[in-house]
K.L.:
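Structure in structure tokens, see below.
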There are 2 protein chains.
Amino acid sequence: MNHQSADAEVARPRRRVSNVDESRAVIISAAAECFMRKGLDKATIDDIADEVGSTKGRVYHHFRSKNAIFFAVYRRAMELCFEAVEPVFASDSPAAQRLEGMAHAHAMVMMEHLPFQRGIRSGVEMYLHGSTTAAERETLTELIGIRDEYERLFRRVLEDGVADATLEVDDVPIVGRAILGALNGLTDWYRPRTGESGAEREAIARSLTRTVLNGVVRR
Amino acid sequence: MNHQSADAEVARPRRRVSNVDESRAVIISAAAECFMRKGLDKATIDDIADEVGSTKGRVYHHFRSKNAIFFAVYRRAMELCFEAVEPVFASDSPAAQRLEGMAHAHAMVMMEHLPFQRGIRSGVEMYLHGSTTAAERETLTELIGIRDEYERLFRRVLEDGVADATLEVDDVPIVGRAILGALNGLTDWYRPRTGESGAEREAIARSLTRTVLNGVVRR
DNA sequence: ACCAACAACATACCGAGCAGTATCTTGTCA
DNA sequence: TGACAAGATACTGCTCGGTATGTTGTTGGT
């Protein structure tokens, strides 16, 4: 019976893959939460398992190692950044406006996905401190590449701003890092208030964006 | 004999204390270096001992625990910041000029004492992640207080700027954090070049300072 | 309808790395 | 010269990443 498809041995559904991805995603979120609360090193695999109400077995069924989990968190964090910022970057407004939108979007992502964004800070650490296997180091290099690509979005809009005369930048790389530094600092001091904070976050993002765009000197 | 002071049993010199302090200072510097290279958690006591060409015994002779070493590094880091920035803050120029000097000085400290300054980032982490003894937590609270006091220097100069109309700030705390975030980001990306870099550092500090003061929008 | 077979976990265990300690040695003072 | 600081050596106990193995539910073939 079961002749829905005559002889389609190829591309067989192979269980509900969606469920697998979801299970992975749940673990990744739990890991991000743990990394934020206890730090990358002090968070244990058991902590992550507890967070999802499970045991080590489940975690290691989906991930090779603790580093592999961290890489997944890192990757997701960068995805969230790109999803929010790249559309603004790709729009066709003057550079100054695009930069404003990008800074605002970046700030919002920082606040709304705090656990993920805090995780990636520690990631740069690990990259420098070595002590990973060859395969892991390869993955890390790739992830660092993604981050560099993201930073490049900000540098390019700065260059565009010099070109269309809406921005004034003496040293594009350094200024780019200054802007991202000001925004990334959110992960150090921002903590979500209990209760509604959507509008509050908007206000914070606006203040930060204003500062990086206009500075503080009265004109 | 030894009647330099008739019967001064009190306040006896008690060996060469300077030597003790120096030994401590050497360990603290070595620890800062290790914390920077391998991260706070992955740096071991043996690493620190190796860095000074010694053994664990020496380290534990001067420090109760690994956390105690970290606290010393943190404290020294804050001292370096205050020594550089507070004189500028206390000068009697217009607020805009003082802020410029403070930002520049802070940036220079970040670069010139990179190991120390990187260490204190992880410190905030620890504070949040608990897992310290009661005594340690008390010390940590004190250190966090020092850091807050330091941040307050920047907030106060911002307020002064609003008062003397040289600065334009909508939200002092947030803008203060934005500025410090932009400058502290140095610890994430600045690495000392081999060879002379004093002038290079000045240039970086100037670009950062210009950006936080004037922003990037062309006027 | 039944049963391999495999995925998706749980349980039990191991061993390395490392903070902390206990003890021993030596140089340096009074 | 004895007493203590300064440091070296040797050892321990525990945490935690990783593994090996056991259990169960689901599925696809017959």
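Since the model is a prediction, treat every value here as computed from it, not as a measurement. Atom set for the values below is all heavy atoms of this structure, side chains included, hydrogens, waters and symmetry mates excluded.
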K.L.:
Give the minimum heavy-atom separation between A:I28 and A:A72, together with the two atoms involved.
P.N.:
CD1-CB, 3.6 Å
K.L.:
Taking atom P of C:dA7 as reference, at what distance in whole Å does atom CZ of A:R24 sit?
P.N.:
15 Å
K.L.:
Taking the ring centre of each residue, are B:H106 and B:F82 less than 6.0 Å apart?
P.N.:
no
K.L.:
Any non-hydrogen side-chain atom of B:L99 less than 4.5 Å from a side-chain atom of A:V216?
P.N.:
yes
K.L.:
Verify the contact: side-chain N or O of B:S23 to OP1 or OP2 of D:dG7, cut-off strictly under 4.0 Å; return yes or no.
P.N.:
yes
K.L.:
Mind calculating the distance between CG (A:L40) and P (D:dG17) to the nearest angstrom?
P.N.:
10 Å
K.L.:
Round to the nearest Å and state the distance from B:K42 atom NZ to C:dA19 atom P.
P.N.:
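To the nearest whole Å, that distance equals 13 Å.
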K.L.:
CD of A:E149 to CZ of A:R155: how many Å apart, nearest 0.5 Å?
P.N.:
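Separation between the atoms: 12.0 Å.
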K.L.:
Report yes if the side chains of A:L208 and B:R177 come closer than 4.5 Å at any heavy-atom pair, otherwise no.
P.N.:
no
K.L.:
Rounded to the Å, how far apart are B:I45 CD1 and D:dA8 P?
P.N.:
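Taking atom P of D:dA8 as the reference, CD1 of B:I45 is at 14 Å.
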K.L.:
Please determine, by modelled atom types, if A:R58 and A:S23 share a side-chain donor-acceptor pair under 3.5 angstrom.
P.N.:
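A donor-acceptor contact under 3.5 Å links the two side chains.
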K.L.:
List in numerical order all residues of residues 59-66 of chain A for which some heavy atom is under 4.0 Å away from an atom belonging to DNA chain C.
P.N.:
A:H61, A:H62
K.L.:
Counting the atoms with a prime plus P, OP1 and OP2 as sugar-phosphate, which does B:A43 contact under 4.0 Å by heavy atoms, base, sugar-phosphate, or nothing?
P.N.:
sugar-phosphate
K.L.:
Applying side-chain contact (heavy atoms from CB on, under 4.5 Å), can you list everything that pairs with A:E51, at least two apart in sequence or on another chain?
P.N.:
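Listed in chain order: A:A30, A:E33, A:C34, A:R37.
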K.L.:
Between atom CG in A:D21 and atom C1' in C:dA8, what is the gap in whole Å?
P.N.:
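That distance rounds to 14 Å.
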K.L.:
Using atom CD1 of B:I27 as one end and atom P of D:dA6 as the other, report the distance to the nearest whole Å.
P.N.:
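One finds 11 Å between P of D:dA6 and CD1 of B:I27, rounded.
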K.L.:
Is the NZ or CZ atom of A:R156 positioned over A:F89's six-membered ring, under 6.0 angstrom from the centre and within 45° of the axis?
P.N.:
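Checked: cation-pi criterion not met.
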K.L.:
For DNA chain D, which residues of residues 48-56 of chain B approach it to below 4.0 angstrom with any heavy atom?
P.N.:
B:S54, B:T55
K.L.:
Using whole Å, what does the distance between atom P of nucleotide D:dG17 and atom CZ of A:R58 come to?
P.N.:
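That distance rounds to 18 Å.
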K.L.:
For B:D41 and C:dG17, give me the distance from atom CG to atom P, rounded to whole Å.
P.N.:
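Atom-to-atom, B:D41 to C:dG17, this comes out as 17 Å.
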K.L.:
With no hydrogens and no angle check, do the side chains of B:T187 and B:R121 hold a donor and an acceptor under 3.5 Å apart?
P.N.:
yes
